[in-house]
Structures are given as C-alpha cells and as structure tokens.
Amino acid sequence: MDQVSLASDTSIRPLRIASVNVNGIRAAYKRGMQEWLTDRGIDVLCLQEVRAPGEVLSDLLGDTWHVVHAEAEAKGRAGVAIASRQPFTGTRIGLSDEYFDTSGRWVEADLDLRGSTLTVASAYVHSGDAGTPKQDDKYLFLDAMSLRLQALRASSDYALVVGDLNVGHTERDIRNWKGNLKKAGFLPEERQYFDSFFSQEGGYVDVHRALSGDVDGPYTWWSWRGKAFDNDVGWRIDYHLATKQLSDAAANAVVDRAPSWDTRFSDHAPLVIDYRI
C-alpha cells in the first residue's frame, strides 16, 4: 500500500471513503475484491465501471450496504455506484444534461453528518481518443462536470467528487508523461480543466496530491499488459476532489496497490482517504 498522512485530531473517528474502478464488478469479485472489502473498514464505497445490473451489484455487496447505482443504457458498459453503511438522505443520477442521463457516468448521494450534509459523487469520465468524436464527448462531459462542481460547492456543507477521471493532471501523475503529450488522458486541453477545478475560483482540492506532496504518483492505474504493474509504470487518474473545508479534514490517504500482478482484482487500485468530520 502507498500511504500518506497528516496529523489530525485522533479523537474523532474518521469517515473512510474509497473509490475504485472495478473494471466489471463480477470479474472483480471473482478476482478477490470481496476479501479486500471485508477487512478494510470502508464507510462509503464509490465504484466505476460496474458493468452489471443493479440486482447483481446489490447481491454481491450484500444487505449491509445502502446502494445507489447509475446503470448505463448500453449493456455491459460504464456504470457508477455509491454504497454507504448509513442511509442516504438524497440521491441523484446524471449531470442535469440529457446527453449523459443514461450514460452511467455520474451519481450523487447525500449523507447526514450530525446535522451537516456531505454530498458525494462517483464519476467515470470518458477515456477519449484525441481527434475523434470520443474526445468531443469527453470535453462535453468535462464541461457539464465543471458546472456541477460549482453547484455542489454552493449547495452542500461538504462536497466530494471521486472516481476515475481519466486525466493525469501534471507530469507527476504519469510515469511516461513525455510519451503521452499528444494522447487522450494527458492533452493540454484536458489538463486545463483540472487547473480550473483546483484554482482558487474553482474551489476544489486534489486531496490525494495535497497529502502525498510533490512526488511521482502514487499511481492508481496500470495496464494489464506487459510489465507495467511490476515496474510501476502507471497513471494517477483516480481522484478525490473535495471542497476546502472537507479537504482540511483529510487525515490519511492510501492507494491499496496489490502485492503482485496476479493478485489484482482490477487494473485500478482503490484510493482510500479518511476524513475526520
């Protein structure tokens, strides 16, 4: 596990929030996801690329979770979900943009924290393909996401957007950044969105980066192919984007990197962060 932490008030039990692209929930469970989840003490679990019907997801997670799931209209594609140990006070699917309503890429849930509202969103941004309609869709989604981030910031006591955002923000986020300057995931136009998110006006903090500091990675995705995982040739494309007050409460960040290539349950590793709120 790649772990970073900050000193904080240890008298407050943290809220542990995990995000992971499971690359198909059924396949992830066959590869051992249940064993990881059982002992991890997760309070809120955010998933991307569920790629299964809601009943399958609920059956796999079990009845101790409250679940909201945005299933993609295209079967076997995308799908995002949020599972919580405590009931939700509200849920929403989509970005208030009809073009993405059935894409299975955005879901929100509200949680009551002693009278304050925490809104969590699980997001799956398009991978894109430079110079193609797939990239156009990615920019359209990022435009809609930008508007929604500001709406959440204005309406919730705490707002957190997590997920596979499919963009490496800086050179620290991709091992082979020079070879990807003209490829989707590290295009200047994509990275500018993240500049905006993390600006003073944007109002969001890249919590994992804030806790880890100016270091390479820690990466959250490695190709299944070749020796990418063994050689840590990865990308940091899974994020926790938090409003300032929430990010100030972040106490610990861990990338649950599997001990070996053959023990992975997904090509992404879970990003787990504790918030003392």
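As a basis for the values below, the full set of heavy atoms in this structure was taken, side chains included, without hydrogen atoms, waters or symmetry mates. The residues of the chain are indexed from 1 along the displayed sequence.
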- Message: Using the rule side chain to side chain contact (heavy atoms under 4.5 Å, CB included), only one of V167, D143, T132 pairs with K138; which is it?
- Response: V167
- Starting at CD of E201, measure out to OG of S199 and round the result to the nearest 0.5 Å. 5.5 Å
- Task: Mark yes when over 12 heavy atoms from residues, nucleotides or ligands other than W261 sit less than 6.0 Å from its CH2; otherwise mark no.
- Result: no
- Task: Kindly determine whether D43 and R13 satisfy salt bridge (charged side-chain N to carboxylate O under 4.0 Å, His left out), including the steps that lead there.
- Result: CA-CA 11 Å; D43 297 298; R13 181 189 178 278; 3.1 Å; yes
- Message: If hydrophobic clusters are built by linking Ile, Leu, Val, Met, Phe, Trp and Tyr wherever their side-chain heavy atoms come under 4.5 Å apart, do V162 and Y204 end up in the same one?
- Response: no
- Query: Can you tell which of L246, D112, V44, T89 makes a side chain to side chain contact (heavy atoms under 4.5 Å, CB included) with L118?
  - Reply: L246
- Is the Lys NZ or Arg CZ of R209 less than 6.0 Å from the centre of Y239's six-membered ring, within 45° of the axis? no
- Without swapping roles, check the side chain of E108 against the backbone of T91 for a donor-acceptor pair under 3.5 Å. no
- Taking atom CG of L47 and atom CG of L57, what is their separation to the nearest 0.5 Å? 6.5 Å
- Query: Can you find a side-chain donor-acceptor pair between Q192 and S196 that sits under 3.5 Å?
  - Reply: no
- Counting distance only, does the side-chain N/O of E73 pair as donor-acceptor with the main-chain N or O of S103 below 3.5 Å? no
- So the ring pair (Phe, Tyr, Trp, His ring centres under 6.0 Å) pairs with at least one residue in residues 15-34 (sequence neighbours excluded) are none
- Could I get the full list of ring pair (Phe, Tyr, Trp, His ring centres under 6.0 Å) partners for F265, not counting sequence neighbours? W36
- Sort and list the pairs that fulfil side chain to side chain donor-acceptor pair (under 3.5 Å) and have at least one residue in residues 56-67, not counting sequence neighbours. T64-R85
- Begin from the C-alpha positions of D110 and R92 and carry the test salt bridge (charged side-chain N to carboxylate O under 4.0 Å, His left out) through to its verdict. CA-CA 9 Å; D110 300 325; R92 293 165 297 280; 2.9 Å; yes
- Task: Keeping the roles fixed (side chain from T263, backbone from A258), state whether a donor-acceptor pair exists under 3.5 Å.
- Result: no
- Qualifying residues under side chain to side chain donor-acceptor pair (under 3.5 Å), relative to D267, sequence neighbours excluded: N23, W221
- Determine which pairs satisfy ring pair (Phe, Tyr, Trp, His ring centres under 6.0 Å) with at least one residue from residues 101-140, sequence neighbours left out, and list them in order. F100-H126, H126-F141
- Item | Partner of D256 under salt bridge (charged side-chain N to carboxylate O under 4.0 Å, His left out), chosen from R16, R264, R40 | R40
- Query: Can you check whether I237's main-chain N or O pairs, donor with acceptor, with T220's side chain at less than 3.5 Å?
  - Reply: yes
- Message: For the residue pair R257 and W222, would you count it as a cation-pi contact if the rule is NZ or CZ under 6.0 angstrom from the ring centre and within 45 degrees of the ring axis?
- Response: yes
- Item | Other cluster members, L147 - Ile/Leu/Val/Met/Phe/Trp/Tyr, side-chain contacts below 4.5 Å | none
